[in-house]
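Since the structure comes first, as structure tokens, the remarks are kept for the end.
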Amino acid sequence: MGSTIISQRLHVGLQQLTALAAVTHSFLGPNKNHKFIQDESTGESSLVCTCFRVLEHLDLTCSVGQLANETIQAHQKVFHSGAGCLLFMAGVWSRAALECLHKGISIPHIVSAMSEGLDICWEVCRSNSVSIEDIRPVASDSGISVLQGSPHTVLRNPVTGMNSSHGALNNKKQSRIKLTHSRHFCANDKADGNTTPGLFPHAVSSNGVDIPHLAEAVSHGCVDAMSLVVEVSKIQSKNNGSGDSCRTFDVNKLVTCTLPGLSEDHSCVLPGCVVLLSAEQASLVHHMKEQKWQVVLINGDLSEKYRHLGFNNKNDISQVTDKLDLKGLSKEDDWEDNVLTTLLKNNVNLVLVNGEASERLTQHCMRHRILVVERVKPDILKDFAETTGAVPVTYATQLSKHCVGTGVEISIWRDCSGNRRRASMAVNIVADRTALVTVVLTTSVHSKLHTLEDCFWGCAYRLHHTLKDRKLLPGAGKTELLCVQTLQKHIEDNGEQAKQGRAGNTHRADVFQLMADGWMDYISTLMLNSGTCSKVDAWTTINQQLKDLNEGLSLDANFSRLLLRDDTEDGMMSPDMKRSAGKVYDNMTVKLEAWRKALDLVFLVLQTDTEIITGIDPKQVEGQSNVMVL
């Protein structure tokens, strides 16, 4: 374009984002490597194997790191999956943007071309998505069911023109990326149907599709965790009147309870909720076994000093009285007497508290056979409110007979006194007609609890998004490979247009190639982390697959198997492993959102770097239209 780029500073933000993303490369794919993060000030350490846990524990002093952390945590909160892909792609596309700047490509051209490249890859995903109705099991030679796509479902080859049975979507939704300095930059046009809300209020039905086989398709190597998810679906379906078959899955009626000390074989699924109680509290449960309990729900702390959020306490006002306190009772004593009287008057014998409970009041209640359970999760309180008829209140003084719920059963599930925990007994609390299910996660290694919980929630939400989207993308790097192939086709077309003098953005081909290199880096890193090949061998394999695709051949099944680690003693995969290796799928919405947010993050950092004052005197370049100051 004949432009001159003047820069006295490198784009430090893009370099920082690239370096930060590189820290988490070993966490990509199903075979994650664990890392210890040690706090030098306290000496404490944490075991992590996901990128969002790494960022959570790092002391991020730079603004780019904090921005990346906020982006990752926001994505993880909504989707519980895909955070590693998001950060990886942000890193490689930051490197691509830096390379574009080194080549002298202007920032408007970079933004335009990268946005167009993402739009092209979005269309590839839509054209090659597989309906969940077409993912069905077939019997293997050993009698074990394995996943197979419908024979009528063909992945569209963007170069040779092989059409998918689903076809390309006619209504193409362009990815319109807006630049803003706000850290909460993820707002899209309301018409964009690709953004998924954070919470889904209703259960998702499979509509005739067998959930266990879908769960296997998106398990991503987490077999034990996904087995627990399938068990949750069985219990919820049974409570929903669907018998023993898995037809329903409601992620909002699901909670977890972590118990260190027990082996992982003790992990299980129970209806209702599981809480830890002291031996004294458990004796009360044992005394009232097989009885129906009456329950009240407290949103907040059960204490006299508790005030709801936003309460304006007048600190400069003191109370003066001329009456003598003949009883000698303090304000807290008076409050405890009133609460206990109210509970006894309404025949309450179970109090579920969202926050903390007054220790003195808890002991008083115990003597009157009233069980107080503190630190109960909000989702549990919500379910008990729906199933028992109890009305949650903020203050115990608000309780009345209309706030009391009925139909609760409590039983002792397991004695955990050998784990040296203060709360030594695990009890199961179940309300009539409840849809709530608790997954108990156990391990003898305390530092693995977060890892097991993250893995389980990742499986649960992958199944949830599968049922909600009704479509999946080919996994194990296949979708990314098709994106690379399509971008390379556009690069060739752009070259032909340039020869004819019809090319618009002359740097379009360079940007597309750098974006394609990013996806190839993603695939090769997956293959490297699987332990089946080196980085060089991975790139060689990818290039061979691209060559085959360009010649009209289908993807080799061995390509997907390279992403599976061979843990067998003889070094050979079993026939069932070979059959199922190519049947890995990814969530469509999660993947597209991860890509979009990654590019949003790169553009935001790129814009911020551009607007940093460089120290160039504006008078030096005034009137020179071919000079751009960074």
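In what follows, every heavy atom counts, from backbone to side chain, and hydrogens, waters and symmetry copies are set aside.
A side chain to side chain contact (heavy atoms under 4.5 Å, CB included) with V408 holds for exactly one of L352, I429, T434; it is I429.
Between P392 and F384, the closest side-chain pair of non-hydrogen atoms is not below 4.5 Å. Contact annotation: the side chain of V229 approaches that of M226 to within less than 4.5 Å [non-hydrogen atoms, C-beta and beyond]. Between L297 and V393, every side-chain heavy-atom pair lies at or beyond the 4.5 Å cut-off. Proximity of L472 to M588: side-chain heavy atoms (C-beta onward) are nowhere separated by under 4.5 Å. Contact of the I410 side chain with the M288 side chain is not registered, since no non-hydrogen atoms from C-beta on lie closer than 4.5 Å. Contact check for S227 versus V230: no side-chain heavy atoms found under the 4.5 Å cut-off. Contact annotation: the side chain of Q294 never approaches that of L350 to less than 4.5 Å [non-hydrogen atoms, C-beta and beyond]. The shortest side-chain heavy-atom distance between T438 and V269 does not fall under the 4.5 Å cut-off.
Classified by interplanar angle (parallel below 30°, tilted 30° to 60°, perpendicular above 60°), the ring pair H80/Y461 is parallel.
A salt bridge links K292 with D432: the closest approach of a Lys/Arg side-chain nitrogen to an acidic carboxylate oxygen falls below 4.0 angstrom. Under the 4.0 Å criterion applied to side-chain N and carboxylate O atoms, R367 and E280 are not assigned as salt-bridge partners. A salt bridge links R360 to D333: one of the charged nitrogens lies within less than 4.0 Å of a carboxylate oxygen.
Open room surrounds NZ on K382; 12 or fewer heavy atoms of other groups in view lie less than 6.0 Å from it. Few gaps surround NE2 on H364; more than 12 heavy atoms of other groups in view lie less than 6.0 Å from it.
The backbone N or O of T258 sits nowhere less than 3.5 Å from a side-chain atom of E453 that would complete a donor-acceptor pair. Although no hydrogens or angles enter the test, the distance criterion places no donor-acceptor pair under 3.5 Å between the side chain of N428 and the main chain of L270. Without hydrogens or angle criteria, D586 side chain to L473 main chain gives no donor-acceptor distance under 3.5 Å.
Looking only at atom types and distance, the side chain of D469 has a donor-acceptor partner in the side chain of T589 under 3.5 Å away.
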